[in-house]
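Below: the structure, in structure tokens.
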Amino acid sequence: MNTTDPFLSPEPLSICVRPLQIPELAAVLTETLARLSPARLSIVSDQLRAILNSDRPTDLIVRFAAQDDVSLDRGVVAIAALPEQGDTATILHVDWTKPSEWAASVRVNESLTIAERSADGLREKLLALFATHQIKFVQWATDPVSQAENMIDIPWWPRHMGFAQVGTLDYLAIDADESTGNFGGTVSEPVPPITLETVAQADAAQRERFERLVTETYRGSLDCPSLESYRTTDEIIQSYRCVSSYAPDLWFTVHVDDSEPVGCFMLARHRNSQNDELVLELVYMGVVPQHRGHGLGRRIMDQIARIGHDQNAVRLVLAVDRDNHPAQDAYRRFGMKPLFQETVWAASI
């Protein structure tokens with residue numbers, strides 16, 4: 001064994017973690033992203049581009065972990081983003097700077113030693129840095145965890161950096177009909193109509209009632225239920241308000257026969273920077289437990305489709321937990337098609 005090769009050294013390893021400058025990141029970016037799926041690669045690339053083209057490039061955090069005095073070819077890079085506002089940071093990517101060279105050069109038991117120490121060092125440095133920015137919650141999305149997960153799989157990194165798996169999401173979409181602008185079909189069976197009321201975001205009493213309603217609709221939810229152990233309802237709702245796609249006029253409570261609200265939903269607006277086309281995202285929809293199982297979900301989707309038509313949206317997208325089979329069935333019956341999957345991870349500070 002060549003013990004002078006840092007890859008193959010049997011001695012205890014010392015890992016150093018340092019900031020990586022933008023030119024250094026550019027030098028390793030193509031190779032470190034090479035193992036991502038096309039969908040995940042597109043998302044990470046768009047996030048990086050948005051940060052670097054903004055007036056807040058300092059919101060991008062890049063850290064490099066390697067054995068002492070090792071070149072960029074022999075280490076791990078972590079890329080994270082601070083929020084413009086709010087208390088939630090995002091890990092965009094973590095992997096070897098040259099994953100193909102690493103995988104080809106190292107036996108699993110030896111590479112694990114370096115990987116584990118790199119993961120420990122990156123976690124310590126990143127969480128300490130997040131804490132100085134008053135970050136309380138860190139989210140991370142990866143390609144879906146495979147059944148044959150090992151150190152070669154990208155999802156190895158979040159688990160060994162102390163992140164917990166929250167769930168695996170299916171992203172679904174439906175496009176508006178080009179001639180009519182309509183989404184999906186209509187409800188054919190006679191059902192009591194529902195009415196929508198816009199949430200007045202400037203009214204503190206309405207905001208408080210809406211928060212209580214969201215809490216009630218989330219009771220018994222199958223959508224990432226473990227998220228409750230990390231974030232309160234108020235924190236989750238506030239995170240929706242802290243993004244550029246926030247659309248305060250598209251938050252609604254749902255009523256049947258002028259009753260107290262039986263459900264709610266929140267939509268977000270995404271604009272295509274090239275052609276200004278509008279995509280609506282359903283960021284949350286819920287029904288209180290006692291009104292579930294009566295077709296309300298489909299009626300709400302029909303109302304969302306009407307809103308999409310009125311807003312001249314070209315597409316409606318949403319994310320749903322892979323294990324939430326009732327919601328999966330309802331969305332697919334509405335006509336929504338799968339786009340991609342991702343596994344979501346979380347950590348509290």
Side-chain angles (χ1 to χ4, degrees), residues 169-203 206-207 209-210 213-214 216-218 221 223 237 240-241 243-272 275-288 290-321 324 326-339:
L169 301 178
D170 281 328
Y171 280 80
L172 309 177
I174 185 170
D175 292 331
D177 183 272
E178 291 185 0
S179 59
T180 65
N182 293 329
F183 291 89
T186 59
V187 177
S188 57
E189 66 272 17
V191 293
I194 64 173
T195 57
L196 308 180
E197 291 186 9
T198 306
V199 179
Q201 303 290 341
D203 187 320
Q206 280 206 35
R207 291 201 309 271
R209 287 196 295 271
F210 186 74
L213 176 60
V214 172
E216 183 63 20
T217 62
Y218 201 73
S221 172
D223 260 337
I237 292 175
Y240 294 147
R241 293 191 177 105
V243 295
S244 60
S245 58
Y246 171 47
D249 57 314
L250 298 181
W251 288 28
F252 297 93
T253 56
V254 178
H255 305 257
V256 177
D257 297 329
D258 297 323
S259 66
E260 288 296 309
V262 297
C264 59
F265 64 89
M266 306 173 226
L267 296 170
R269 288 189 182 91
H270 299 271
R271 287 282 181 187
N272 187 314
N275 55 25
D276 204 40
E277 287 183 335
L278 173 65
V279 174
L280 289 184
E281 178 187 4
L282 178 58
V283 295
Y284 181 78
M285 180 179 78
V287 175
V288 297
Q290 61 269 33
H291 284 273
R292 294 172 186 163
H294 302 291
L296 267 176
R298 176 54 196 257
R299 280 179 275 169
I300 293 172
M301 288 302 298
D302 283 328
Q303 291 293 321
I304 292 172
R306 178 186 59 78
I307 292 170
H309 177 272
D310 293 344
Q311 295 278 318
N312 295 315
V314 299
R315 171 174 280 194
L316 172 66
V317 299
L318 58 85
V320 58
D321 195 304
N324 189 349
Q328 288 267 4
D329 293 342
Y331 292 139
R332 291 173 190 265
R333 284 197 303 270
F334 184 74
M336 305 201 77
K337 305 296 183 184
L339 289 176

Q.
Walk me through whether Ile307 and Leu250 qualify under side chain to side chain contact (heavy atoms under 4.5 Å, CB included).
A. CA-CA 9 Å; Ile307 292 170; Leu250 298 181; 4.0 Å; yes
Q) Can you tell me how far the CD atom of Gln328 sits from the CG atom of Asp321, to the nearest 0.5 Å? A) 8.0 Å
Q) Is any side-chain heavy atom of Val317 closer than 4.5 Å to a side-chain heavy atom of Val279? A) yes
Q) Side-chain contact, heavy-atom cut-off 4.5 Å: Met301 with Met285? A) yes
Q | Carboxylate-amine/guanidinium contact Asp203 Arg209, below 4.0 Å | A | no
(Q) Quick one: does any side-chain atom of Glu281 pair with a main-chain N or O of Ala268 as donor and acceptor, under 3.5 Å? (A) no
Q.
Would the distance check show the side chain of His270 and the main-chain N or O of Glu277 forming a donor-acceptor pair, the cut-off being under 3.5 Å?
A. no
Q | Phe210 side chain reached by Thr253 side chain, heavy atoms, under 4.5 Å | A | yes
**Q.** Gap between atom CE of Met336 and atom CD1 of Ile174 - 0.5 Å precision
**A.** 6.0 Å
(Q) Rounded at 0.5 Å granularity, tell me how far CZ in Phe334 sits from CG in Asp329. (A) 15.5 Å
Q. So, for Ala200 and Gln206, which heavy atoms are closest and what is the spacing to 0.1 Å?
A. N-OE1, 3.0 Å
Q.
So, taking the atom named CG in Leu316 and the one named CD in Gln311, what distance separates them when rounded to the nearest 0.5 Å?
A. 12.0 Å
Q: Check the pair Gln303, Ile194 against side chain to side chain contact (heavy atoms under 4.5 Å, CB included), reporting the backbone distance first and the verdict last.
A: CA-CA 9 Å; Gln303 291 293 321; Ile194 64 173; 3.7 Å; yes
Q. Heavy-atom distance under 4.5 Å between the side chains of Val288 and Leu213, does that happen here?
A. yes
Q. Is there a side-chain contact between Met266 and Val214 (heavy atoms, below 4.5 Å)?
A. yes
Q. Would you call Arg306 and Asp302 a salt bridge, using N to O less than 4.0 angstrom?
A. no
Q) Has Glu260 got more than 12 heavy atoms of other residues, nucleotides or ligands less than 6.0 Å from its CD? A) no
Q) Going from OH on Tyr331 to CZ on Arg298, what distance comes out if it is rounded to the nearest 0.5 angstrom? A) 12.5 Å
Q | Aromatic contact, Trp251 with Tyr284 (centres under 6.0 Å) | A | no
Q. Hey, does Val314 have a side-chain heavy atom less than 4.5 Å from the side chain of Leu278?
A. no
Q: Work out which heavy atom in Leu169 is nearest to a heavy atom in Ala319; give both atom names and the distance.
A: CD1-CB, 4.0 Å
**Q.** Taking every non-hydrogen atom, the tightest pair across Ala313 and Leu280
**A.** CB-CG, 3.9 Å
(Q) Does any part of the side chain of Leu196, heavy atoms only, come nearer than 4.5 Å to the side chain of His255, both counted from C-beta? (A) no
Q) Could you walk me through whether Phe252 and Val199 pass the side chain to side chain contact (heavy atoms under 4.5 Å, CB included) check? A) CA-CA 6 Å; Phe252 297 93; Val199 179; 5.8 Å; no
Q: Begin from the C-alpha positions of Leu296 and Val256 and carry the test side chain to side chain contact (heavy atoms under 4.5 Å, CB included) through to its verdict.
A: CA-CA 9 Å; Leu296 267 176; Val256 177; 3.9 Å; yes
Q. Quick one: does Leu339's side chain get under 4.5 Å of Leu172's, heavy atoms only?
A. no
Q | Heavy-atom pair of closest approach, residues Ser221 and Asp223 | A | OG-N, 3.0 Å
Q) Would you find a donor on one side and an acceptor on the other, under 3.5 Å apart, between the side chain of Arg292 and the backbone of Val287? A) yes
Q. Looking only at heavy atoms, what is the nearest atom pair of Thr198 and Asp249, with distance?
A. CG2-O, 3.8 Å
Q | Whether Arg269 side chain and Ser244 backbone form a donor-acceptor pair below 3.5 Å | A | no
Q) Roughly how far, to the nearest 0.5 Å, is the CD atom of Glu178 from the CG atom of Asn182? A) 13.0 Å
(Q) To check you understand the geometry: which heavy-atom pair defines the closest contact between Ala176 and Gly181, and what is its length? (A) CB-O, 3.8 Å
